[in-house]
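Indexing begins at 1, ligand by ligand and atom by atom, following the structure's order. The figures here come from the full heavy-atom set of this structure, side chains too, leaving out hydrogens, waters and symmetry mates.
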Amino acid sequence: MTSKEVSALVLDCEEYKEKDALVTLLIEDELVMAYAKGVGKLTSKNRILTQPFSSIKVFLDQKENRMPLILHGHVEKFYFRIQENLVAQSVCFVLRDCIKRSHTTLGVSSLLESVWEAFQTGEANVYTKACLCMKQLLENEGIGLYVDGCVNCSRKNHIETISLKDGGFLCSECNANFYPKRSKQELIQYYSLMRVKEDKFELFNETYLFGMDDFLFLGNWYEHYASTSLLSLRLLKSIKGFE
Ligand SMILES: [Zn+2]
């Protein structure tokens, strides 16, 4: 038996058979589906290891050609406030669903946990962090926004909006009043978002303030360019409609 302790983020937990569960974990930027035996029982010690929005340390029994089995472990941190807030939960579900559909999750786990942390502690820049996580996912898939100039004619001045259909920044001439103009500040924020490197994430989070609309915009972007449909994104949009 090969078993080692790993740090993991619990993304999702689905009931399986009578009392078992399939748990989606993010382990060092790798998406892993693990089997949790007997966690449907109230007396199960491993039950707490299957709660979404948890950071856990867990021993997995890993054998070739078989799903890793959760042996035992402990919860490092449970970001329980996300569960108490429908908007927070929906934002986290959008990220989870994108992560589950992505070909690679490189660099994603620390960004995702910073979003969880921000919701837990009620930080003002939680959407900045959520947008940063989404940017990483877009970048990994090679479907980020083109921000080096106008995506249509390549000019670098008179940029006035972002076009989902065209794939990035658009100048006033190419836009021809089709999409509403964006403020200079907004365009700078999006440029910086697409350009920021890992060693500057902290500064980025302190400098810029993104909102839920930005997160929805990037969610639409992911949906469009990854050719997928996200139920969680639709839910978040409908909740926003009621706010
Ligand atoms: Zn142009």
Step through the shown structure and confirm whether more than 12 heavy atoms of other residues, nucleotides or ligands are within 6.0 Å of CD on E202.
->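 Counting neighbours around CD of E202, 12 or fewer heavy atoms of other residues, nucleotides or ligands fall under 6.0 Å, so no.
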If only atom types and distance count, is the side chain of S102 paired as donor or acceptor with the main-chain N or O of T105 below 3.5 Å?
->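 Checking the backbone N and O of T105 against the side chain of S102, no donor-acceptor pair under 3.5 Å is found.
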side-chain contact (heavy atoms from CB on, under 4.5 Å) with H72: which residues, sequence neighbours excluded?
->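 Residues passing side-chain contact (heavy atoms from CB on, under 4.5 Å) with H72: N46, F59.
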In chain order, what residues pass the side-chain contact (heavy atoms from CB on, under 4.5 Å) check against Y79, with sequence neighbours excluded?
->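 Scan of Y79 (side-chain contact (heavy atoms from CB on, under 4.5 Å), adjacent residues dropped) gives F53, S55, K77, I82, E113, W116, E117, Q120.
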With sequence neighbours left out, which residue pairs that include part of residues 19-29 fulfil the salt bridge (charged side-chain N to carboxylate O under 4.0 Å, His left out) condition?
->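 Sorted pair list comes back empty.
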State, with a plain yes or no, whether a side-chain heavy atom of V91 is found less than 4.5 Å away from one of F119.
->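 Counting from C-beta outward, V91 and F119 do come under 4.5 Å.
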Have a look around the Zn ion (ligand 1) and list protein N/O/S atoms under 2.8 Å, or say none.
->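 Listed by chain and number, the atoms are C150 SG, C153 SG, C171 SG, C174 SG.
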